[in-house]
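Structure first, then comments.
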Amino acid sequence: METILVLTHVDETGSALTKASLEAVTAGVELARQLSATLTIGILGVDATAAAGAVAATGARLLAVSGEAFAQPRYATDAAGCEALCRAAQASIVLAPGSSRFTRVAAGVAHRLGGFIDTHITALSSNDSVDATRWFYRQRVEATISRDARPWFLLLDAGTHAPFAGESGAAQVEAVAVTLPTVRTTVEGLRSPMRDAQTIRPDARLLFVAGAGWTKKQPDGQIHVAEAGELILAFLRLSGASLGSSKSLADQKAEGEQSVLPFLTHMNQVGQTGSTPRHAKGLSTCCHGEEPHVVGWRFIGERRAISLDPNCGWTRGKADVVYVADAFQVMAKVNALLQARSA
Ligand SMILES: Cc1cc2nc3c(=O)[nH]c(=O)nc-3n(C[C@H](O)[C@H](O)[C@H](O)COP(=O)(O)OP(=O)(O)OC[C@H]3O[C@@H](n4cnc5c(N)ncnc54)[C@H](O)[C@@H]3O)c2cc1C
């Protein structure tokens with residue numbers, strides 16, 4: 001008989017669970033139901049007890065590791081906290097969100113417990129055994145893994161489960177004591193890029209992809225890179241979309257090593273040699289829609305494209321809607337509409 005522990009952590013408020021943690025809770029509830037297994041949820045954070053109300057409706061046993069030591073992510077304290085939660089729960093299966101906070105410590109915690117870990121899990125199911133699904137070879141090959149070894153740690157990719165949304169209520173939480181190791185790392189603060197500079201937004205509903213066409217000669221025989229940059233940044237600001245790029249655009253360099261569009265880096269690149277982000281919708285602009293690029297759109301729900309070329313890859317079955325139009329004109333109009341709506 002399996003015992004399931006879902007490890008969760010709080011967000012920057014210190015007292016609410018992250019969206020990825022709530023997704024892991026959904027996965028835990030579903031798996032526990034399939035296996036008729038007992039479910040425990042472990043919460044780590046400065047005020048873990050306050051966060052527990054959001055998962056009270058699961059009916060799971062709730063364990064919390066709280067205190068100032070867990071106000072900031074840090075290997076030594078987070079690993080000790082997770083280890084304490086795992087030992088208290090005595091679980092055979094440990095699910096956790098593949099967040100940067102837990103990705104850093106999960107393998108170490110699994111080792112301390114004498115367990116095994118698999119990462120980037122996208123789905124869980126159970127027949128006779130527990131099966132976990134993940135992708136290999138840049139999302140081309142999907143594998144189903146099962147293991148006899150226990151405890152088995154599974155880090156779940158974000159966006160693969162709906163966040164748990166039960167009614168919040170008063171929760172009975174068991175506080176778990178942690179013996180803290182000597183702490184050598186002090187977190188002095190956080191420095192994050194300006195909103196305009198932070199163009200990769202995994203939680204955005206929309207992925208906006210810019211292609212090399214933005215930097216090509218336009219029907220008037222001129223290039224309009226500055227205008228392209230302004231249109232793209234204005235759209236990102238007004239819509240909150242995440243910015244992706246084709247390889248051809250990300251590869252372009254102006255004088256020196258700076259990108260032609262200075263807010264773009266290879267981190268934005270989507271495709272075979274780039275990323276495969278998950279968003280509900282995607283809008284491709286000035287991009288041809290070739291296979292090595294479109295393979296990165298595997299997890300985009302609804303695809304739309306704006307291209308001047310009526311024969312581009314998007315029109316050949318790779319997009320749901322294609323606007324054969326000038327993206328400069330379309331995006332100027334879209335920005336004006338968004339601006340009017342936000343005014
Ligand atoms: C091994 C390998 C790996 C690769 N990996 C990747 C990858 O990870 N990601 C990736 O993106 N590519 C990758 N590529 C490259 C890929 O094959 C394409 O070359 C690339 O995606 C083309 O980028 P693009 O569509 O932006 O540029 P182009 O092919 O130059 O297309 C530009 C498009 O913009 C349109 N356009 C121009 N002006 C306008 C306008 N005003 N309005 C609307 N449309 C306009 C044009 O009609 C054209 O269709 C890889 C290739 C190889 C061989």
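Just so you know, ligand 1 is whichever comes first in the structure, and atom 1 is the first atom listed for that ligand.
Partner of N335 under the side chain to side chain contact (heavy atoms under 4.5 Å, CB included) criterion, chosen from I232, L238, V330: L238. When the options V94, L124, L31, T40 are evaluated for a side chain to side chain contact (heavy atoms under 4.5 Å, CB included) with I4, the one that passes is L31. Of the options L338, T285, L243, a side chain to side chain contact (heavy atoms under 4.5 Å, CB included) to F235 is made by L338 and by none of the others.
Looking at A210, S248, G313, it is S248 that brings a heavy atom closest to atom 22 (C) of ligand 1. Nearest-heavy-atom check against atom 45 (C) of ligand 1 across C287, A305, C286, A327 picks out C286.
Those atoms of ligand 1 with a heavy atom of G211 less than 4.0 angstrom away are 26 (O). The contact set between ligand 1 and A325, taken as ligand atoms under 4.0 Å from a residue heavy atom, comprises 42 (N), 43 (C). Each of the following atoms of ligand 1 lies closer than 4.0 Å to a heavy atom of D326: 40 (C), 41 (N), 42 (N). Atoms of ligand 1 found under 4.0 Å from any heavy atom of K247 (numbered from 1 in listed order, with element): 4 (C), 5 (N), 6 (C), 7 (C), 9 (N), 10 (C), 11 (O), 12 (N), 13 (C), 14 (N), 50 (C). Under a 4.0 Å criterion applied to the non-hydrogen atoms of G274, ligand 1 contributes the atoms 8 (O). Short contacts between ligand 1 and G271, defined as distances under 4.0 Å to a heavy atom of the residue, involve ligand atoms 7 (C), 8 (O), 9 (N).
Protein heavy atom closest to atom 50 (C) of ligand 1, with residue, atom name and distance, is P292 CB, 3.4 Å. Scanning the protein heavy atoms around atom 37 (C) of ligand 1, the nearest turns out to be G213 CA, 3.5 Å. In terms of protein heavy-atom proximity, atom 24 (P) of ligand 1 is closest to S246 OG, 3.6 Å. The nearest protein atom to atom 31 (O) of ligand 1, hydrogens excluded, is given as H288 CB, 3.5 Å; this is a heavy-atom distance. Residue, atom and distance of the protein heavy atom nearest to atom 41 (N) of ligand 1 are Q218 OE1, 2.7 Å. The shortest contact between atom 47 (O) of ligand 1 and any protein heavy atom is with D309 CB, 3.6 Å. Closest to atom 5 (N) of ligand 1, if we only count protein heavy atoms, is T273 OG1, 2.7 Å. Among protein heavy atoms, atom 44 (N) of ligand 1 sits closest to L308 N, 3.1 Å.
The nearest protein heavy atom to atom 10 (C) of ligand 1 is closer than 4.0 Å.
Counting heavy atoms closer than 4.0 Å to ligand 1, residue Q269 contributes side-chain atoms (C-beta onward) but none from N, CA, C or O. For K216, every heavy-atom contact with ligand 1 shorter than 4.0 Å involves the side chain, none the backbone. Contacts between L249 and ligand 1 below 4.0 angstrom, taking non-hydrogen atoms only, are absent altogether. If you look at E290 next to ligand 1, the close heavy atoms, those under 4.0 Å, all belong to the side chain.
The distance criterion of under 3.5 Å between nitrogen or oxygen atoms is met by A212 with respect to ligand 1.
Counting non-hydrogen atoms of neighbouring residues, nucleotides and ligands closer than 6.0 angstrom, the CD atom of E291 exceeds 12 such neighbours. More than 12 heavy atoms of other residues, nucleotides or ligands shown are found within 6.0 angstrom of CZ on R298.
The distance from the CD1 atom of I121 to the NE2 atom of H161 is 10.0 Å, given to the nearest 0.5 Å.
Ring geometry for F328 against H224 counts as perpendicular: the plane angle is over 60°, on a 0 to 90° scale with 30° as the lower cut. Between H9 and F102, the ring-plane angle classifies as perpendicular under the 30° and 60° cut-offs.
Between the side chains of S307 and W314, no donor N or O sits under 3.5 Å from an acceptor N or O. A side-chain N or O of D131 and one of S129 form a donor-acceptor pair less than 3.5 Å apart. A side-chain donor-acceptor contact under 3.5 Å links T13 and D11.
Considering every non-hydrogen atom in both A51 and I43, the closest pair reads CB-CG2, 4.3 Å. When every heavy atom of L44 is checked against every heavy atom of R101, the shortest pair comes out as CD2-NH2, 3.7 Å.
The same ILVMFWY cluster, assembled from side-chain heavy atoms under 4.5 Å apart, contains both L249 and I306.
Residue P219 places every heavy atom at 4.0 Å or more from ligand 1. Put simply, part of S307 is less than 4.0 Å from ligand 1, judged by heavy atoms.
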